[in-house]
Amino acid sequence: MSAPEPAPAAPRRRLLVLLPLVLFLALAALFYGRLFSGDPSRVPSALIGRTAPALDLAPLDGLSRDGAPVPGLTSADLKGEVTVLNVFASWCVPCRDEHTFLVQLSQMKGFRLVGLNYKDDAENARRFLGRFGNPYAAVGVDPNGRTAIDWGVYGVPETFVVSRDGRIVYKYIGPIDAEGLKARLIPEIDKAMAAN
């Protein structure tokens, strides 16, 4: 009588080959589901309620408004009145999409709209603002993106509402559109202006 033959290893080998594929598909489904869940413009910011990070940005060379040179940005510019700081760049397509709404916003009273020009070429930024209009009372240049990192910028465009005492009270992520301007940004600006 001969010894029984061992069971074939083929089913076990197939299982070991399929296991990584099954795990990959499960992880891909999880990531895909999380990617499209929630509103990306509502990412919380650790800076809300804190003093705005330091600003000492040179002006955008050659930029003028109403015949006067447009100044750069410093921390002192964020105190005394409500300030809306918009992070933009000429190479940013969503920045072009939102620019019409920034021009509308600049015509409202009671706060100051300023721009932080992110990793941009000065000539391109001047051309961008010349073509679409300059809504900013001041524009600071952040050529290497260091200041944007300090402010917790994920990507352009982003907009911050800063209270009279220099604290960040709201962060709007992504391009401003008609609904976002009316339903989210203006109410937050109004709240900041109403606070003492």
Self-check item: Nearest non-hydrogen partners of K182 and P187, listed with the distance
Solution: O-CD, 3.2 Å

Quiz item: When you check the side-chain N and O atoms of D120 and S90, is any donor under 3.5 Å from an acceptor?
Solution: yes

Quiz item: Does the side chain of L116 reach to within under 4.5 Å of the side chain of F160, using non-hydrogen atoms?
Solution: no

Quiz item: Are any of the side-chain heavy atoms of V161 and I168 separated by less than 4.5 Å?
Solution: no

Quiz item: Rounded to the nearest 0.5 Å, how far does SG of C95 lie from CZ of F128?
Solution: 6.0 Å

Practice problem: Using a 4.5 Å cut-off on heavy atoms from C-beta on, say whether the side chain of P135 contacts that of H99. | Solution: yes

Quiz item: Measuring from K119:NZ to N144:CG, what's the distance to the nearest 0.5 Å?
Solution: 7.5 Å

Quiz item: Where do T159 and N86 land on the side-chain hydrogen bond (donor to acceptor under 3.5 Å, both in side chains) test, with the steps shown first?
Solution: CA-CA 4 Å; T159 304; N86 176 253; 2.9 Å; yes

Quiz item: Where do P175 and P94 come nearest, in terms of heavy atoms and distance?
Solution: CB-O, 3.6 Å

Exercise. To the nearest 0.5 angstrom, please state how far the CG atom of L60 sits from the CD atom of E123.
Key: 11.0 Å

Quiz item: Under a 4.5 Å side-chain heavy-atom rule over Ile, Leu, Val, Met, Phe, Trp and Tyr, are M108 and I176 clustered together?
Solution: yes

Quiz item: How about K171 and I48: do any of their side-chain heavy atoms sit closer than 4.5 Å?
Solution: yes

Quiz item: Take atom CG in D61; do more than 12 heavy atoms of anything else shown fall under 6.0 Å from it?
Solution: no

Self-check item: Carboxylate-amine/guanidinium proximity below 4.0 Å for R146 and D142
Solution: no

Quiz prompt | Same apolar cluster: L47 and I149, side chain cutoff 4.5 Å | solution = no

Quiz item: How many angstroms lie between atom CZ of R112 and atom OG1 of T83, to the nearest 0.5 angstrom?
Solution: 6.0 Å

Exercise. Using side chain to side chain contact (heavy atoms under 4.5 Å, CB included) as the criterion, point out the one residue from T147, V141, N117, D77 that pairs with L57.
Key: T147

Practice problem: Any chance you could measure F101, atom CZ, to E179, atom CD, to the nearest 0.5 Å? | Solution: 10.5 Å

Quiz item: Should L85 and W151 count as side-chain neighbours, where that means a heavy-atom distance under 4.5 Å?
Solution: yes

Practice problem: Start with the C-alpha gap between N134 and L63, add the side-chain angles, then the distance that decides, and say whether side-chain contact (heavy atoms from CB on, under 4.5 Å) holds. | Solution: CA-CA 9 Å; N134 179 13; L63 182 65; 3.9 Å; yes

Exercise. Looking only at non-hydrogen atoms, find the nearest pair between S75 and A54 and report the distance.
Key: OG-CA, 3.3 Å

Quiz item: With the 4.5 Å side-chain cut-off for hydrophobic clustering, are V103 and L129 part of the same group?
Solution: no

Practice problem: Walk me through it: do E158 and Y172 pass the test side-chain contact (heavy atoms from CB on, under 4.5 Å)? | Solution: CA-CA 6 Å; E158 289 188 13; Y172 188 108; over 6 Å; no

Self-check item: Check: L105 and V84 side chains under 4.5 Å, non-hydrogen atoms
Solution: yes

Self-check item: Test: E188 and R184 ion pair at under 4.0 Å
Solution: no

Quiz item: Below 4.5 Å, heavy atoms only, C-beta onward: do L55 and L78 meet side chain to side chain?
Solution: yes

Practice problem: Just do the side-chain contact (heavy atoms from CB on, under 4.5 Å) check on T100 and F132 with the steps written out, would you? | Solution: CA-CA 8 Å; T100 301; F132 297 107; over 6 Å; no

Exercise. Evaluate the side-chain proximity of E81 to M193: yes if any heavy-atom separation is below 4.5 Å, no if none is.
Key: no

Practice problem: Verify ring-ring contact (aromatic ring centres under 6.0 Å, His included) between F88 and Y136, making sure each step is shown before the conclusion. | Solution: CA-CA 11 Å; F88 77 100; Y136 306 114; 4.9 Å; yes

Exercise. Please report the shortest heavy-atom distance between Q104 and L181, naming the atom on each side.
Key: OE1-CD2, 3.7 Å

Practice problem: Could you tell me whether the side chain of R65 and the main chain of A138 form a donor-acceptor pair under 3.5 Å? | Solution: no

Practice problem: Taking R164 for its side chain and V82 for its backbone only, find out whether a donor-acceptor pair lies under 3.5 Å. | Solution: no

Practice problem: Step by step, work out the side-chain contact (heavy atoms from CB on, under 4.5 Å) result for L185 and Y170. | Solution: CA-CA 8 Å; L185 189 57; Y170 182 70; 4.1 Å; yes

